[in-house]
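Working notes, beginning with the structure itself.
No hydrogens, no waters, no symmetry mates; every other heavy atom, side chains included, goes into these values. All residue numbers refer to positions in the sequence shown, counting from 1.
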Amino acid sequence: MAGPWPSEADIHASADLLAQKFFELMVHTNPFGAETAHNWLATNKPMFHQRSESFITLDPQKIIDEMERAQSAASAVAYDLSEEFRAAMRQARDHLSDWLGPAADAFRQQLTHIEAFTNRHSDLITRSVGALGASVAVATHVRRDYLELADNTVSAIDKVIRDGEQSGAAFALKIGGGIAKTVIGALADPRTALATVAQGVIDFAVETVDYGIKGADFNEVLGSYVHEEDRLRRDYEAELDAISHSLRLADGDLADEAFSMYRPLPSNTDVDSPDFRYEHFFTKERLPDDEFNQRVENERERMAAGGSASSDISTSAVRRRLAPEEDR
């Protein structure tokens with residue numbers, strides 16, 4: 001067994017054992033000749049092996065790796081969850097703290113929009129974390145359930161061979177008990193989703209479903225097994241459909257969002273726009289006046305025309321910003 005889930009080799013070995021046991025039951029309880037039984041085994045052993053493949057379509061470890069990446073991404077982009085991000089936003093606000101005017105206000109408002117945008121995206125990413133967590137649990141339990149089904153079938157076959165009478169085996173499996181719904185619901189809260197260890201979702205308490213194997217001869221036990229295996233496969237597919245549905249809902253919610261961050265900033269925030277004016281974005285150290293406004297406009301026009309700002313340090317924009325008192 002690879003970690004807390006059966007490996008592909010475990011599943012294949014169990015399928016091979018099932019075929020061998022049905023061969024033994026065929027020989028023991030039915031008037032089949034040896035050649036007929038051996039032909040059945042040669043034909044059906046690969047089929048048992050192939051049918052078992054249905055239950056190892058998902059690799060739990062690969063899903064865990066992806067879940068951990070999603071958790072890291074959600075933590076990194078959310079303003080409410082990432083101290084590094086909050087520090088960067090505080091720094092941006094500090095840079096704007098000395099600036100006044102409608103353009104400065106628009107920049108500050110945009111920072112708020114960025115925070116809301118990242119928080120919302122983090123929420124949506126954590127919904128994928130819930131789906132991935134459910135996938136880990138389903139991928140693990142379907143492997144365990146297949147082995148449980150196979151083990152109980154082998155026990156039923158052994159009982160028929162040993163006792164020569166009707167055999168019955170009742171047991172409970174977890175696939176079909178709403179694993180996906182349970183895990184997705186438990187991880188609905190973003191902080192819970194990000195704090196949950198990926199492998200821990202396997203141990204979430206879920207409902208079980210009753211299964212059983214019965215029969216007194218080869219045909220009866222084989223028919224019972226095939227019925228229950230098909231049932232497990234359908235329940236597995238239903239769990240996967242529930243996970244897919246949760247992702248479609250998240251995708252639809254994202255498509256319906258109208259994020260304010262995407263709205264264009266006012267034209268007075270664009271230094272290349274004719275609407276840019278110093279009185280729209282000015283510093284406390286240099287309040288706007290007609291003369292200074294005109295000098296800023298001249299610089300803006302020169303830059304917009306593809307020229308460069310004045311290189312004379314005494315009149316450059318940098319100099320005026322650093323030593324505004326010299327311009328008075």
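Applying the side-chain hydrogen bond (donor to acceptor under 3.5 Å, both in side chains) test to residues at least two apart or on different chains, the pairs with a partner in residues 127-140 are Arg127-Asp253.
Environment of CD in Gln50: sparse, with no more than 12 heavy atoms of neighbouring residues, nucleotides or ligands closer than 6.0 Å. Around the CE atom of Met261, the shell of radius 6.0 Å holds more than 12 heavy atoms that belong to other residues, nucleotides or ligands.
Phe55 places a side-chain heavy atom less than 4.5 Å from the side chain of Arg233. Taking 4.5 Å as the limit, some side-chain heavy atom of Ile202 sits within range of a side-chain heavy atom of Trp5. Side chains of Asp59 and Ile63 form no contact here, defined as non-hydrogen atoms less than 4.5 Å apart. A heavy-atom distance below 4.5 Å is not found between the side chains of Glu8 and Glu53.
A pairwise comparison of heavy atoms in Met67 and Val201 identifies CE-CG1, 4.3 Å as the closest pair.
At least one cation-pi condition fails for Arg120 and Phe259: the charged atom is not both under 6.0 angstrom from the six-membered ring centre and inside a 45 degree cone around its axis.
Summarising the hydrophobic clusters (Ile, Leu, Val, Met, Phe, Trp, Tyr; side-chain heavy atoms under 4.5 Å, direct or chained), the residues clustered with Ile125 are Val77.
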Step by step, would you call Glu239 with Lys181 a side-chain contact (heavy atoms from CB on, under 4.5 Å)? CA-CA 8 Å; Glu239 296 279 12; Lys181 181 179 179 181; over 6 Å; no

Please determine whether side-chain contact (heavy atoms from CB on, under 4.5 Å) holds for the pair Thr57 and Tyr236, giving the CA-CA distance in whole Å, both sets of side-chain angles, and the decisive distance to 0.1 Å. CA-CA 11 Å; Thr57 53; Tyr236 176 44; 2.7 Å; yes

Audit row: Leu240, Leu58, side-chain contact (heavy atoms from CB on, under 4.5 Å) steps and yes/no: CA-CA 10 Å; Leu240 296 181; Leu58 295 180; 3.6 Å; yes

Before you tell me yes or no, could you show the steps for Asn152 and Tyr225 under side-chain contact (heavy atoms from CB on, under 4.5 Å), namely the whole-Å CA-CA distance, both residues' side-chain angles and the distance that decides it to 0.1 Å? CA-CA 10 Å; Asn152 277 276; Tyr225 168 75; over 6 Å; no

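Not a single donor-acceptor pair under 3.5 Å links the side chain of Tyr211 to the backbone N or O of Ala169. Counting only distance, with no hydrogens or angles, the side chain of Asp217 and the backbone of Glu220 share a donor-acceptor pair below 3.5 Å. Checking side-chain atoms of Arg143 against main-chain N and O of Asp10 turns up no donor-acceptor pair under 3.5 Å.
Residues Asp16 and Gln20 bring no donor and acceptor atom of their side chains to less than 3.5 Å of each other. With hydrogens and angles left out, the side-chain atoms of Thr192 and Asp189 include a donor and acceptor closer than 3.5 Å. Counting only N and O atoms by type, the side chains of Asp158 and Ser155 include no donor and acceptor under 3.5 Å apart. If you check the side chains of Asp105 and Gln109, you find no donor sitting under 3.5 Å from an acceptor. Side chain to side chain, Gln61 and Asp65 meet the donor-acceptor criterion of an N or O pair below 3.5 Å.
Two rings, from Trp40 and Phe23, have their centers 6.0 Å or more apart.
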